[in-house]
Each structure stands twice: as structure tokens, then as C-alpha cells.
Amino acid sequence: MTDFGSMLFVFVLATFIGLGVIRRVSRLLYTPLMSLTNAISAIAVVGSIVVTGADHPLTIRILGAVALFASMTNIVSGFMITDRMLKMFKKQ
Amino acid sequence: MTDFGSMLFVFVLATFIGLGVIRRVSRLLYTPLMSLTNAISAIAVVGSIVVTGADHPLTIRILGAVALFASMTNIVSGFMITDRMLKMFKKQ
Amino acid sequence: MPLVGELSAVLATALFIFALYWMNDPKTARRGVIAGVTGMSVAVIATWIQPEILHHGWIVVAIFAGFLVGVPLSRVPLTAVPQRTALSHAFGGLAAGLVGTAEYFLWLGEPATAAVQLTPFRMSALVAEVILGFLTFTGSLMAAGKLQEVRWIPQRPVTYPGQNVVNIGVLAIAVALGVLLVLNPGAPWAGQAFLAIAGLALIFGVLLIIPIGGADMPTVISILNAYAGLAAVAMGFVLNNKLLVTAGALDGSSGLILSIIMCRAMNRSFTNVLFGAFGKAQPALAAGEQKEWKQETVEGAAQLLEQSRNVVIIPGYGMAVAQAQHKVRELYDALTKRGVTVKFAIHPVAGRMPGHMNVLLAEANIPYSALVEMDEINPEMPQTDVALVLGANDVVNPAARYNKGTPIYGMPIIDADKAKTVLAVKRSKKPGFAGIDNELYVQDNTWMLFGDAKAVLSDLVKQFGGGGIH
Amino acid sequence: MPLVGELSAVLATALFIFALYWMNDPKTARRGVIAGVTGMSVAVIATWIQPEILHHGWIVVAIFAGFLVGVPLSRVPLTAVPQRTALSHAFGGLAAGLVGTAEYFLWLGEPATAAVQLTPFRMSALVAEVILGFLTFTGSLMAAGKLQEVRWIPQRPVTYPGQNVVNIGVLAIAVALGVLLVLNPGAPWAGQAFLAIAGLALIFGVLLIIPIGGADMPTVISILNAYAGLAAVAMGFVLNNKLLVTAGALDGSSGLILSIIMCRAMNRSFTNVLFGAFGKAQPALAAGEQKEWKQETVEGAAQLLEQSRNVVIIPGYGMAVAQAQHKVRELYDALTKRGVTVKFAIHPVAGRMPGHMNVLLAEANIPYSALVEMDEINPEMPQTDVALVLGANDVVNPAARYNKGTPIYGMPIIDADKAKTVLAVKRSKKPGFAGIDNELYVQDNTWMLFGDAKAVLSDLVKQFGGGGIH
Ligand SMILES: NC(=O)c1ccc[n+]([C@@H]2O[C@H](COP(=O)([O-])OP(=O)(O)OC[C@H]3O[C@@H](n4cnc5c(N)ncnc54)[C@H](OP(=O)(O)O)[C@@H]3O)[C@@H](O)[C@H]2O)c1
Ligand SMILES: NC(=O)c1ccc[n+]([C@@H]2O[C@H](COP(=O)([O-])OP(=O)(O)OC[C@H]3O[C@@H](n4cnc5c(N)ncnc54)[C@H](OP(=O)(O)O)[C@@H]3O)[C@@H](O)[C@H]2O)c1
């Protein structure tokens, strides 16, 4: 049970931080923000790697591989397009 | 060990929140802020209660009682003086 | 998780937080990307090096495939960014759903451990992960389709009697099954029940989007974004992995806040967006008094602009559609060269996603110091000589101020109508996304420049002897 | 921890966060206190109702005693607030130290469990808790004594050769013993070693403060505040209690940030504060050219103030010592009644603790809209008719701008010297806490009003026919 407690704690605290940080993001950058959070939420990659790489039945590992592919796509495209957009913003 | 991990996680996240929140405290209120955090840090009361109230050897419980007394003093005086100071601030 | 795992998780979390924190200023923003990439690499490596990972080939292949698809996806034109975002939410949802399914059947596989592993808490998390993941998957695919204006996906909202009942019903069944599973996770029928839940979630995702109009998709996307984040959190609860929880929470809050911002800027509620069937063909209002549209020649417009001291350009979705941002830049250069001060008035929901206009104008190298928020520019509008409305419509529709009848009533707008003269560029007399007429265009001091924004602007620029750098 | 424990811990944490969050505006601040009290009550009750708690009598008595001492401590005059703060840090440190000691001997008591319970991680946390707790205890007591100006505690820093070596040495021994304990926590000598660590920490707290001047105590207090927070965190690690960790972390960050703010505002480093022996009697500078001090009569000052359009009052430690804030209020009323605009220039480290001036002036019912930050007021100083320096010295010393020789060089100051006329109230020609002369007082456009701030002000107010409300 304490396990659940830690999780809840981490979740609540992280949400506090998220709301605090996002509320201060520059309005100019809302579009890049969306793609950046895309990439970050692809953290599901961690779960996918375990499912794909561990010694599981084939079907399971196939599911994992698809998931891993999907997450990786998000990571790559998310970070790259964010940087591409941010490069465009110049003060003068 | 995972136990240690959760603790570390909670600590890091809480520190992020703390720095974020405190940095935005109104400069007018730094003095009340000091007494408020005093009161909050008296959370050691939780530990004291356990040491005092559980069925431990007498000496241990005496140590606990002193700790409980000290923490309780901070809680009471901290919150009360903070409120007393904040009552004074009027816009007009 | 071994110590190294714990530490790398904390490190990655901190890096993700900084990544978002640095987005508070364009000057530091790119640092944020570096932080994000670093954090993600730390997380991937720390997971990969774990002893139980044996099939490295599989991982390499999947990752490689991810690059193959991801790189092109990151090169799409900026007008396609909303679709790309929706698509990536779909991928995110899919990943969450699949991992959840895989994990469940793994545990179910060993009846010995099943009872131990599938605690009520973990089982509920699993159900939540799968429902959220799969509904985000199909929902986001639909959204992407509508934004891409795929032929066989209707743009306008499709509604039928009892629709909400059906939708809620589907979701309710899925949840009910979930409760059953939580109560007896190892039952003989458990496997089928789980798959049924997944299927229902997939269907619900589709049903959820059908009644929503294409132009509401940006808001919907943000909401789906929040769902995707929550799915990651649920996965974290299932796998007892804190990094998933923190990253998911960060993603969730971002989705939540952006959708709130959009709803505020449109003065609408979540429920109205999700169930309002907004943007259905509206009866053309004000059919009564037909004021006539005054047209202006390009030559006249050029003169007018040249002689004015300060010009405010109000870009909208039309500029995005026409890809006119580079021509806008040329006009900006030509006018500033002639000593006219030019500012851009950016409405929070101009275009089709938050910050849409900013990115487009930044792409055309217009300094972001020239982009002014709605609240800052409105007080200046009465002193403005010319307001050039460039493919914007709803965000400058004065009806939002007083006409309780219109769906956009109460939405804060840019006061283009208060400028001394208004020049408006659009192709037709058709309404904007909200589907309502806009009296700004027939105002006494308004002059229309009909045509595609890009075409009109290049003609304009020609008048100035084609100034500009490009 | 059972479920209820976990949930109440999360709830209390959230409440504490909101308590601090609401301090960002005086309008919401009192809500913060309510949140804090609620959070603390939740935490106490959730702990108390745990089954292993049997000796309720003891708890009741201790809590009652806490109220007996706490209530009077919350009624101290505002000038005594710094001491009170220091004292409560002492209590906090004591509590942490005692709980740590108790826990250790409990585990040591049952050799069976000792090995299991006293993991290296927990043992290190215990050592950290006890060292931080006890050094905060004695250190804060010393600080309180210096601020209270207790007779047998020297105000000025006391230094002797090799002092730092001794101090660091004491701490080093304590830490070394700690490491030994972590390596073999159950050794026969463990108990004595632990007590030795506690003792050394107590001694180190005293040694740490001896070389620090009375006026640096506010900064030291904030640092000790951070230590107290960290002690709570360590206790949380020991007891595996997350609420202790979060609350401690919040407290720690507050202490850290406040001390950073103070050091910045004094342009000094932590090390300089802790080891700089700042505020030692300095050789009176500028003994060379003796410019003479021009004095002004109360009548003249009153006239001057009455005829001016705008006045900026710069309060300092002197106003606090003299308890002159209520007289200041009367002057403020008298002048505003006569149409003079009066503002207060607040230096971040005016007085003896952060926000000192704000609280005092608020106590006298001066609206906080009239209190202006240094950075905002400085640009206005040249247009100011009269700057009334009220018991402030270092914070208005122009030497800080250019004189590399002075200890306050580089410290941002309020540009009182730029005002058209300066009126300065102080009792003597003695320097301020930094112990250096201030040429502002002998500037051509400066006029002194010698005497106790309260006395001088009441004379001034009399000149206006004793305006004001009181
Ligand atoms: N940005 C967001 O995050 C977001 C989110 C949700 C909803 N929305 C909604 O989207 C709308 C955005 O308002 P908006 O004023 O930017 O756009 P709009 O109201 O949709 O109007 C776009 C205008 O551009 C014109 N146009 C289209 N293509 C053009 C072209 N190639 N050349 C020239 N003009 C062209 C259209 O008239 P013609 O067809 O006659 O050319 C139309 O009048 C708002 O109603 C907002 O609530 C935005
Ligand atoms: N606020 C903080 O958090 C903090 C923290 C650490 C250090 N400090 C230091 O404290 C100092 C604060 O500067 P400050 O200008 O406010 O104070 P100050 O530099 O200490 O000067 C106080 C002045 O008030 C005069 N004074 C004392 N008692 C008086 C009375 N009863 N009536 C009238 N005048 C009286 C003194 O002159 P006479 O003796 O001639 O009357 C002295 O010139 C700074 O150096 C700052 O670095 C502050």
C-alpha cells in the first residue's frame, strides 16, 4: 500500500509543478509547447522497452515492439519539430 | 531501496515546488513568511507524537515529550504571529 | 528499481521540468529542447541496460523504425502542425494501450502470480490506462483526419438524436466491465472482458469526435493531450514507475491548461466544446438589413497604407491557409522602410491552434517584438490609422461584444472596428468558422480586398516596387 | 503507513503548498494561514489516531505546555520578531535532534532488529538529522541572544587565530564519527559515539555564531532556517514519512531563498557572512577631510516638508529601534492632508530582517500601496523635493556605489543623495551597522535632525498642529 502512497505523492507533486511551470510558458511558444510535451509524454517508451526486450511470449513482444515504435516516432518527431519551430523565433 | 527512491523523488519534487512558490511571495510579506514557514517546519510534531505516545521506555518517551512540546510551541506561536502580522496589511 | 534506475528517473524528471520551465522565454526555449532530449536519453538508456532486457535486436529495429517515420513527420509544413500533433497523440495513446494490454496478459498468463500481481489498485490503473490509451488513439486519429480534411471524414459536426446517450452508454459499459475485472481479475472470462474494454474504448474515441466540428479540433486535441498524459500516469501506477507518473503529469497539465486557455479565449465551456456540436451550418443572420460591401483597389490600398503613420495587421486562419506569411513579411519591410510603424495584433485563438500566428510569422522572420497580445493592442486601436484584417474573421467580429444570439457572444475580440480605416482581405463573403456574418466588413470605414491573401499581398507589395528581402 | 495516513499526508502537503502560494499577495495571505493550520491539524490527528499511540495523557500535557509557551511568544512586540524567529528555529532543531536520538536508541535497544532497521541509508539520515538538528538548536539560541542583545553574549564578532580550523575541525570529527556509525551501527561503542556526535553538533552551533556580528544574524537565521528544514527532511527519511520530507523541503527552500535575497541585497556571499567576521569595529574612514554637519530646526524642517510637492521617506533600523512607526503615520497623514504626495522607499535589507519596514509601517496602518521597492523609487529620486532619511544609514550610503574600500561596496542603495533636499534623522554621528561613515549626512543639500526618531517626529507633527488620527 505504501507503494500506492508514494505514487500518489509523486503524481500530486508533479501536477503542482506542471501547472506552475506551464502557466508561465510564453504565449508566443504555445505551438512548440504542444509538440514538446508530445515528445515528453512519449516516456511510455520506458514501458515499451521492458515489454519488448524482456523474455516474454512472442505476441506480447510484438505488442511491445509496436508500442516502442509508436513512442519512438513521437520522441523523434516531437523534439525535432519543436526545435525547428523555436529556431524561427528571433527578437530582431 | 525503492523506498529510498520514493523519498528522493518526493524530496526533489517538493524542493522544486518550494523554490517556485517562495520566489513568488510578495516582498511585503517576507517577515510573515518567515514565521509561517517556522510553523510549517514544526511538522516534526508528527515524529514527536509517535515517540511520545507509543509504548517505549520512559527515557525515550521523555525525549519525545520535550520534542513534542518544542514543536507545538512553534506551531502555535508561528501561525498566531503570522496571522497577527498579516492582519496589519491594508491596501487603503 | 535498482539505485541507478531511481537516480536516473529523478534526473530525467528534473530535466523535463527544466525543459518546460525554459519555454517561458524564446531566448531560453531551445535550451529546453536539449534538456528534454537529454532527459529522454537518460530514461531510455537506464531502462535498456536493465538485466532482464535480452532481445536487443527487437529494440534496435523498433527504434530505427521510429526514426524512419519520425524524421519526415517533423518536416511537415507549419500549416500541418495541428494534424501532426493529433497524430502523435494517437501514437501516444496506442503505445499506452498496447503496453497495458501486454502487461495484463503477462500477469494473467501465470495464474500463480496473477492473484498477487493484480492487486485492485494495479488492476484499476490497468483499466484506466487501456481505456484512456485506446480512446485517445482513435479519437486523435479522427481529429487528425478532420484537420487534414480527409474526404470521407465529415468536417461539420454530425449529430443524431440520442447521440450523447449512446456515447456515454459505450463508455459506461467499458467502465462497468473494468469494475468487474478489478473485483475478480483472474476470472476465466477476464481475458475476453479486458479485450472488450479495449474495443469499447476504441469505439468511444470515434463516437466522441463525430459530433465535433473541424474548427473545434484544436481544443479537442489539447483535451486528448491531457488524456494521453493521464494514460502515461496510469501506466506508471501499473509498472510502479515514477518517471512515467511525473512525465505524464507534466504532459497532462499542459494539455489541461492549453484547453482552458482556448475555451476562455472563445468564452466557451469544455462541455460546450465536447457536446455543443459547434460550427453547424448556421442560418445566415441579419438577413434583414443588407448593407453593401465596399471594395478597394490594390492601388488605393497601397496609397492608404503608405500615407498612414501606424498600421496594425490582424492575421487569422486565412493567412495560414494561403501560406501568406512571407508576403506579409515583404509588406512589413516595405512599410517600415517608408517609416510606417507596423504591429501585428495576435488573438489567442487566431488560426487553428494556440500560437499558430506566432509560429507562422516567426517562420517569415518577423521579429517577435512586433507581435502584440490582444489585451495590449486593443487600447491602441482607436489611434490606429489602418487595421489590415488578413484572413481573420471571428476574432474581429464585433457581434461578440453585444449579440447574445451568436455562438461567439462574449468571446474577447481584437477591436479592428475601432481603427480609423479598416482593410479586410478574404476570398468571398462567406462567414468564418463560427458560421456567422461579420458586420465589420460592411462598416462605413471598411474596405474589402477580395482574393486569396497571398495573391492580394503580392499585388500590394508590387505597388511598393516589391520591397522586402526575399 | 495505512491508506488514511497516506491520503492525509498528501492532503497536508497540498495545504502547505497553498499556504505558501497564497503569500504572493497580501489580499490572499491570511487564507494561507488557514490552509497551514488545517494542514497541520490533519497531520497531527492522522498521526495521533494511529493504533500504536497509547500514552494520550503525555501527548495532551506536552501539547498543552506548547500552547502555554506558544501563545505569549506570538504576542511579542514586532521589534522582537527576529529573536522570536531565531528561538523557534532553536525549538525546531531541538525537536529534530531529540526525535533522532530517541529513534536511534530505540532501534539500538533491540539488537535483533537493529541490524535490519539501521540500514546504511537510514543510519546516514539519522546522523544528518541529529547533526543538523542540534547545531541549529545551539546556533539559533546564540543568534537569538545576539539579537536580544543579551549582556553576556558579545554583539561584535569575536575572532581568534585558527578559529575556522577549530570550527571545521569540530564538525569534521562529528561527521567522521557519523561515517563510522553508518559502517557499523550496532557496535558496542555505537551508543557513546552517537552521543558524542550530538555533543559535537551542539558545540559546533555555538562556535559557528561566535565570529558573526549581531547585524548579520538575520542572514544567519535564514540559513539556520534552511538547516531546520533539512533536519525535518532527514527525519522524514529516517521515519520513512513523506509529509516530513515535503514540509521540510518547503521550509528549506524558503530559508535558502531568503538568505540569497539578503546576501544579494548586501552584495555579499554566504561564506563572507558566515566567516567574514563582518561588522567588526572599523577604523573611522575619511578621517582626512572633515566636512561639517549642518543641522536644521524642527520648525525649518516642517516648513520645508509643507512646501514640497512630493516627499520620500526612507525608513531604516533606527525607526524600528525608536518604535517611531506610529509617529510616521501621523506625519504621513498631516502631509497628505496638505496635498503633499508621500511615498516610502523600502530597501530590501532595511532594518534587521527581510520585510522589517513593511511590517512596522503596516502596523501603523500605512497602506502598503504607499510602500515602494528600491528599484521602482530610485528613478524618481531626482524629481523628489525632500528625502526624509529616518534612522537609515548603510542602505543610503553613496560609498556603496564607488568606494571599493568599504565593506558595503556594490550593495544596491536607495539614491537619497539624488533628492533636491535631504533631511536625516539620527541620534548621533555614529556610523550604521557596517561601521563606516556616510558622506550623505555631510552633503551640501543634507540637513540633520539629531535625536531619537520618535521624539523628532512628534515634534515635527506638532508643527502641523498635530495632524493624524491617533
Ligand atoms: N487558434 C485556436 O487555438 C482555435 C481553437 C479552436 C477554435 N478556434 C476558432 O477558429 C477561429 C479562428 O478565427 P480566425 O478569425 O482566425 O479565422 P476564421 O474565423 O475561421 O476566419 C478565417 C477567414 O479567413 C478567410 N480565408 C480563408 N482562406 C483564405 C485565403 N486563402 N485567403 C484569404 N482569406 C482566406 C475566410 O474567408 P473566405 O472563406 O471568404 O476567404 C475567413 O473569413 C475562431 O473562431 C476560433 O474560435 C481557434
Ligand atoms: N534587513 C535585513 O534583512 C538585514 C539582514 C542582514 C544585515 N542587514 C544590515 O542592516 C543594515 C540595515 O541598514 P539600515 O540603514 O536600515 O540601518 P543601519 O545602517 O544599521 O543604520 C541605522 C541608523 O539608525 C540610527 N538610529 C539608531 N537608533 C535610532 C533611534 N532610536 N532614533 C533615530 N535613529 C536611530 C543609527 O544612528 P545613531 O546611532 O546615530 O542614531 C544608524 O545610523 C544594513 O547594513 C544591512 O546590510 C539587514
Side-chain angles (χ1 to χ4, degrees), chain A residues 3-4 7 10-11 14-15 17-19 21-26 28-31 33-34 36-49 51-55 60 63-83 85-86 88-92, chain C residues 16-17 20-21 23-26 29-30 33 37 40 43 47-48 52-55 58-59 62-63 65-67 69-70 73-74 85 88 91-92 94-96 98-99 102 106 121 228-229 232 235 237 239 242 244-247 249-251 253-254 257 353-355 358-359 362-363 367-369:
Chain A
D3 165 27
F4 156 76
M7 285 305 179
V10 171
F11 175 61
T15 309
I17 296 177
L19 296 175
V21 172
I22 303 282
R23 269 182 38 237
R24 291 183 183 80
V25 169
S26 156
L28 291 166
L29 303 182
Y30 279 156
T31 304
L33 170 67
M34 286 169 78
L36 181 63
T37 50
N38 266 184
I40 290 179
S41 74
I43 188 67
V45 69
V46 170
S48 322
I49 290 181
V51 177
T52 315
D55 203 359
I60 298 289
L63 292 186
V66 178
L68 179 50
F69 156 74
S71 322
M72 208 57 212
T73 314
N74 280 354
I75 295 174
V76 173
S77 65
F79 283 125
M80 282 181 70
I81 198 167
T82 308
D83 197 53
M85 285 192 268
L86 291 176
M88 298 169 177
F89 285 86
K90 300 181 193 61
K91 186 157 195 65
Q92 210 48 273
Chain C
F16 290 153
I17 292 171
L20 295 175
Y21 172 76
M23 293 290 280
N24 67 3
D25 181 344
R30 287 190 70 190
V33 178
V37 172
M40 192 56 77
T47 317
W48 199 340
E52 70 259 37
I53 305 296
L54 307 170
H55 302 273
W58 285 63
I59 295 177
I63 288 182
F67 270 90
V69 181
L73 259 181
S74 72
T85 313
S88 73
F91 282 10
L94 179 65
L98 290 179
V99 171
L106 267 179
F121 163 58
M235 191 193 292
F237 281 172
L239 302 177
K242 296 178 202 65
L244 278 164
V245 174
T246 49
L250 293 175
D251 187 41
S253 6
S254 141
I257 287 184
M353 61 184 170
N358 302 307
V359 186
E363 183 192 21
Y368 59 77
S369 46

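Lettering follows sequence order; numbering is per chain, from 1.
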Enumerate, atom names and distances included, each donor-acceptor pair closer than 3.5 Å involving a side-chain atom of residues 70-78 of chain A, sequence neighbours excluded.
from    : atom 1 : to      : atom 2 : distance (Å)
A:Ser71 : OG     : A:Ala67 : O      : 2.7
A:Thr73 : OG1    : A:Phe69 : O      : 2.7
A:Asn74 : ND2    : C:Ser88 : O      : 2.8
A:Ser77 : OG     : A:Thr73 : O      : 2.9
A:Ser77 : OG     : C:Arg84 : NH1    : 3.0

Practice task
Please tell me if the side chains of A:Thr52 and C:His55 come closer than 4.5 Å, counting only heavy atoms from C-beta onward.
Solution key: no
Applying a strict 4.5 Å limit to non-hydrogen atoms, the region of A:Val10 in contact with chain C is both
Exercise for the section: Indicate yes or no: at least one non-hydrogen side-chain atom of A:Leu86 is less than 4.5 angstrom from one of C:Val33. Expected result: yes
Would you say that C:Asn24 contacts A:Leu29 through its side chain, given a criterion of any heavy-atom pair below 4.5 Å between the two side chains? no
The interface call for C:Met40 against chain A, heavy-atom contacts under 4.5 Å, is side chain
If one checks every heavy atom of A:Leu63 against chain C at 4.5 Å, the contacting part turns out to be both
Quick check: do A:Leu68 and C:Trp58 have side-chain heavy atoms less than 4.5 Å from each other? no
Highest number of heavy-atom pairs under 4.5 Å with chain C among A:Ala44, A:Gly64, A:Ala65 belongs to A:Ala44
Greater than 12 external heavy atoms within 6.0 Å of C:Tyr368's OH: yes
Problem set entry | Verdict with reasoning, C:Leu20 to A:Val21, per side-chain contact (heavy atoms from CB on, under 4.5 Å) | CA-CA 7 Å; C:Leu20 295 175; A:Val21 172; 3.6 Å; yes
Worksheet entry | side-chain contact (heavy atoms from CB on, under 4.5 Å) assessment of A:Met7 paired with C:Val245 | CA-CA 7 Å; A:Met7 285 305 179; C:Val245 174; 4.0 Å; yes
Looking only at C:Asp25, C:Leu73, C:Val359, most heavy-atom pairs under 4.5 Å shared with chain A are made by C:Val359
Okay, A:Val46 and chain C: the region with an atom under 4.5 Å from a heavy atom over there is both
For A:Leu19 and C:Ser253 the tightest heavy-atom approach is CD2-CB, 3.5 Å
For C:Ser254, the side chain to side chain donor-acceptor pair (under 3.5 Å) test, sequence neighbours excluded, returns none
Under 4.5 Å to a heavy atom of chain A? For C:Leu239 that would be side chain
Note: vs chain C, highest number of non-hydrogen pairs under 4.5 angstrom among A:Ala14, A:Gly53, A:Ala54, A:Gly18 is A:Gly53
When the 4.5 angstrom heavy-atom criterion is applied to A:Ala39 and chain C, the contacting part is backbone
Go through the steps for A:Val25 and C:Tyr21 under the test side-chain contact (heavy atoms from CB on, under 4.5 Å), then give the verdict. CA-CA 7 Å; A:Val25 169; C:Tyr21 172 76; over 6 Å; no
Turns out that what part of C:Ala228 lies under 4.5 Å from chain A's heavy atoms comes down to neither
Pair count under 4.5 Å, heavy atoms only, with chain C: among A:Thr15, A:Ile49, A:Val66, highest is A:Ile49
Pair count under 4.5 Å, heavy atoms only, with chain C: among A:Leu33, A:Ile17, A:Val45, A:Thr82, highest is A:Leu33
Taken to the nearest 0.5 Å, the spacing of C:Leu244 CG from A:Ile43 CD1 works out to 6.0 Å
d(A:Ile22 CD1, C:Met23 CE) to nearest 0.5 Å is 8.5 Å
Here the gap from C:Ser74 atom OG to A:Met85 atom CE, rounded to the nearest 0.5 Å, amounts to 10.0 Å
With chain A, the option among C:Leu94, C:Thr246, C:Leu98 that has the most non-hydrogen atom pairs under 4.5 Å is C:Leu98
Whatever's closer than 4.5 Å to a heavy atom in chain A on C:Ile17 counts as both
**Item:** Side-chain touch A:Thr37/C:Leu250, heavy atoms, less than 4.5 angstrom
**Value:** no
Exercise. Is C:Thr47 reaching over with its side chain to a backbone N or O of A:Gly47, donor-acceptor style, under 3.5 angstrom?
Worked result: no
